[in-house]
Amino acid sequence: MMGGGGPVLVLKQNTKRESGRKVQLGNVRAAKMISDVIRTCLGPRSMMKMLMDPMGGIVMTNDGNAILREIQVQHPAAKSMIEISRTQDEEVGDGTTSVIILAGEMLSVAEPFLEQKMHPTQIISAYRQALEDSLEVLRDQISVPVDVSNEEEMMKIINSALGTKFIRKWMDLACKMALQSVKTVALEDQGRREIDIKRYAKVEKIPGGAIEDSCVLSGVMINKDVTHAKMRRRIENPRIVLLDCALEYKKGESQTDIELVSEQDFSRILQLEEEYIQKICEDIIRVKPDIVFTEKGVSDLAQHYLVKNNITAIRRIRKTDNNRIARACGANILNRTDELREEDVGTGAGLFEIKKFGDEYFTFVTECKDPKACTILLRGASKDILNEVERNLQDAMQVARNVMMDPRLVPGGGAAEMALAHILNEKAKSIQGIKQKPYMAVAQALEVVPSTLIQNCGGNTIRTLTQLRAKHATAGNKNWGINGETGNIQDMDELGVWEPYAVKAQVFKTAIETAILLLRIDDIVSGSKKQAGPDPMKPE
């Protein structure tokens with residue numbers, strides 16, 4: 001039947017669709033919700049969160065990224081907020097809490113404009129302009145260059161990164177460890193700097209002992225023991241061979257059938273296997289090594305030949321550990337033993353020894369002459385403490401790496417945000433038309449960092465923030481910020497709180513771009529699959 005004013009159904013019956021103003025305001029509220037979860041985790045007076053994962057384990061941390069990783073959310077806007085903290089962590093390693101708080105605030109200040117029926121495109125173009133201006137101002141007017149070779153300066157920077165973490169009680173030790181490990185793995189190659197912390201600075205956690213016992217080894221440590229009881233467990237100035245092949249006879253990939261005609265054939269097969277092992281052992285013995293590391297297995301017969309020649313063998317080590325040993329002692333990893341030459345033997349290590357911690361044996365290759373890889377050995381009371389210390393140390397190493405890659409600093413304690421807010425407010429006066437208000441709103445949103453620092457100290461937010469605004473209104477006070485311990489205003493230069501420019505710039509970029517992205521959304525279509533039984537999403 002034609003005609004009739006019945007509704008036209010385009011989407012499937014079980015598809016939910018929300019559109020227009022409702023979606024935009026919903027996204028803003030979801031983002032605010034996520035930023036409120038971790039607002040108390042900013043600054044030296046930050047609180048920690050305790051999270052239960054689905055397996056029943058617990059995570060105790062105040063690292064924004066680690067908290068949001070464990071939280072299960074359903075709202076798509078909240079999911080994209082969690083994603084930005086991960087991006088921040090992968091990109092620069094620090095500022096994961098600030099980026100969420102800032103992104104939440106950027107959307108929060110856009111809410112009144114949306115309620116006044118201002119078009120999102122207008123807000124977005126003002127935000128874009130504010131982002132370009134703020135990055136320009138941050139680089140040219142607020143940031144200062146730093147001398148990377150000055151150890152004291154570098155320690156100050158890492159200090160301010162760790163001041164908000166659990167590890168701050170052992171600040172000096174942590175700063176030294178972070179700086180030492182980053183300097184170790186830094187590599188200059190044909191004018192190109194490479195600092196690969198993830199691969200070559202491994203953190204090994206051994207419960208027991210005190211945190212003060214932690215150290216950076218000038219070499220590598222792996223959780224392995226020798227394969228044969230008679231092998232040496234301590235060798236000075238060892239010659240090291242690294243292999244990627246098995247020291248045992250080759251087994252068939254799948255099921256292999258061999259048909260034997262006479263009984264001599266069987267003994268011949270066994271003889272061939274023995275000869276093969278003898279040959280690969282002779283190849284190794286020819287270069288007179290003291291230690292052989294291999295990623296695959298070592299058969300009993302091979303162990304016998306190696307013990308006879310006073311060679312220590314360690315088997316089934318990880319590929320990543322093998323790469324680290326190669327960088328530490330200067331050996332080359334080989335896939336075939338018959339290609340072994342003198343130059344493939346690593347002679348850079350000063351000491352090989354095996355120590356026992358608790359019930360486990362650990363192999364140390366230390367006292368390397370010029371190691372380009374290192375192991376950070378962490379000791380502590382419990383696994384939870386060690387996990388948190390590791391997270392803090394990763395942040396510290398990332399900060400050191402960022403400064404080495406881009407040696408510019410900005411003042412911490414909310415000073416950079418406040419200086420930027422003041423300059424953007426001045427610039428907004430020259431903007432004509434409808435964009436002026438959202439442009440000023442960005443400046444207002446930046447003030448959330450100092451105000452959160454004051455809140456977390458239990459200070460008087462309005463009074464202190466007004467004092468700080470007045471300070472920044474006077475020329476030459478761009479380094480004034482909030483002392484995170486007391487909640488009062490102070491010169492960050494005197495306090496020695498500085499942050500890498502790379503981290504700050506990334507925070508602003510990520511926060512404003514996320515706000516732009518979420519403001520662009522005006523329609524959410526969620527198709528739910530048909531489920532047998534009740535819908536788990538619906539409340540009872």
Side-chain angles (χ1 to χ4, degrees), residues 38 40-53 57-70 85-86 88-90 92-97 154-185 197-223 320 324 355 357-358 360 362 364 373-402 484 499 503:
I38 58 170
T40 53
C41 296
L42 188 75
R45 292 261 182 239
S46 59
M47 296 295 185
M48 285 175 85
K49 308 277 182 205
M50 191 183 226
L51 305 158
M52 293 271 293
D53 63 16
I58 56 166
V59 177
M60 288 187 291
T61 180
N62 67 352
D63 179 9
N65 180 43
I67 293 166
L68 294 178
R69 236 187 358 228
E70 299 295 333
S85 115
R86 212 186 75 207
Q88 181 76 13
D89 195 55
E90 284 170 6
V92 288
D94 197 20
T96 47
T97 312
M154 293 293 284
M155 293 286 269
K156 267 190 199 166
I157 301 159
I158 303 171
N159 249 334
S160 50
L162 289 180
T164 62
K165 310 281 184 195
F166 167 79
I167 204 172
R168 55 198 262 243
K169 193 175 166 214
W170 301 276
M171 188 84 91
D172 291 346
L173 174 71
C175 289
K176 277 188 191 127
M177 281 162 62
L179 194 56
Q180 192 184 336
S181 54
V182 171
K183 279 187 172 171
T184 303
V185 299
I197 302 168
K198 204 170 179 183
R199 277 198 203 142
Y200 299 116
K202 178 87 191 308
V203 178
E204 286 282 357
K205 302 171 295 221
I206 305 176
I211 291 183
E212 287 86 353
D213 301 341
S214 306
C215 61
V216 175
L217 303 169
S218 59
V220 183
M221 178 193 97
I222 50 176
N223 187 353
T320 49
R324 268 195 292 278
K355 290 182 186 172
F357 289 111
E360 296 188 56
F362 292 88
F364 289 80
C374 64
T375 299
I376 299 157
L377 178 60
L378 291 184
R379 307 299 311 276
S382 74
K383 271 212 176 107
D384 293 324
I385 289 176
L386 283 173
N387 287 337
E388 179 61 1
V389 170
E390 182 191 8
R391 276 192 288 270
N392 298 167
L393 210 56
Q394 291 287 5
D395 280 5
M397 290 195 295
Q398 295 277 17
V399 166
R401 192 202 73 176
N402 293 333
E499 295 181 51
V503 173

(request) Of all the heavy-atom pairs spanning Lys176 and Met155, show the shortest one and how long it is. (result) CG-CE, 3.5 Å
(message) Just verifying a value: how many Å separate Arg391 CZ and Leu386 CG, rounded to the nearest 0.5 Å?
(response) 11.0 Å
(request) To the nearest 0.5 Å, tell me how far Glu90 CD sits from Arg86 CZ. (result) 5.0 Å
(request) Apply side chain to side chain contact (heavy atoms under 4.5 Å, CB included) to Lys205 and Asn387, showing your working. (result) CA-CA 8 Å; Lys205 302 171 295 221; Asn387 287 337; 3.2 Å; yes
(request) Would you check if Ile58 and Met50 make a side-chain contact, meaning some heavy-atom pair closer than 4.5 Å? (result) yes
(request) For Asn402 and Val92, indicate whether the former's side chain and the latter's backbone hold a donor-acceptor pair under 3.5 Å. (result) yes
(message) Can you tell me how far apart OG1 (Thr96) and CZ (Arg69) are? Round to the nearest 0.5 Å.
(response) 9.5 Å
(message) Exactly one of Val389, Ile211, Asn392 should register a side chain to side chain contact (heavy atoms under 4.5 Å, CB included) with Trp170. Which one does?
(response) Ile211
(request) Apply side chain to side chain contact (heavy atoms under 4.5 Å, CB included) to the pair Arg199 and Arg324, showing each step before the final yes or no. (result) CA-CA 8 Å; Arg199 277 198 203 142; Arg324 268 195 292 278; 5.6 Å; no
(message) Give me the atom names and distance for the closest heavy-atom approach of Met177 to Leu393.
(response) CE-CD2, 3.9 Å
(request) Going by the side chain to side chain contact (heavy atoms under 4.5 Å, CB included) test, name the single residue among Cys215, Ser214, Pro207 that passes it with Leu378. (result) Ser214
(request) Mind listing the closest non-hydrogen atom pair of Val185 and Ala373 along with its distance? (result) CG1-CA, 4.1 Å
(message) With rounding to the nearest 0.5 angstrom, report the CD to SG distance, Gln180 to Cys175.
(response) 12.5 Å
(request) Examine distances only and state if a side-chain atom of Asp89 and a backbone atom of Ser85 form a donor-acceptor pair shorter than 3.5 Å. (result) no
(message) Could you check whether any side-chain heavy atom of Ile67 comes within less than 4.5 Å of a side-chain heavy atom of Cys41, counting everything from C-beta outward?
(response) yes
(request) Starting from the C-alpha separation in whole Å, work towards a yes-or-no answer on side chain to side chain contact (heavy atoms under 4.5 Å, CB included) for Ile206 and Met221. (result) CA-CA 12 Å; Ile206 305 176; Met221 178 193 97; 3.9 Å; yes
(request) Check step by step if side chain to side chain contact (heavy atoms under 4.5 Å, CB included) holds for Val203 and Gln394. (result) CA-CA 9 Å; Val203 178; Gln394 291 287 5; 4.0 Å; yes
(message) With rounding to the nearest 0.5 angstrom, report the CD1 to CG distance, Ile158 to Asp395.
(response) 12.0 Å
(message) Can you give me the closest heavy-atom contact between Glu204 and Thr375, atom names plus distance?
(response) CG-CG2, 3.6 Å
(message) Under a 3.5 Å distance rule, please check whether Arg379 uses its side chain to pair with a backbone N or O of Ala210 as donor and acceptor.
(response) no
(message) Would you compute the distance between atom CZ of Phe362 and atom CD1 of Ile222 and round it to the nearest 0.5 angstrom?
(response) 11.0 Å
(request) May I ask you to test the Met397-Ile376 pair for a side-chain heavy-atom distance under 4.5 Å? (result) yes
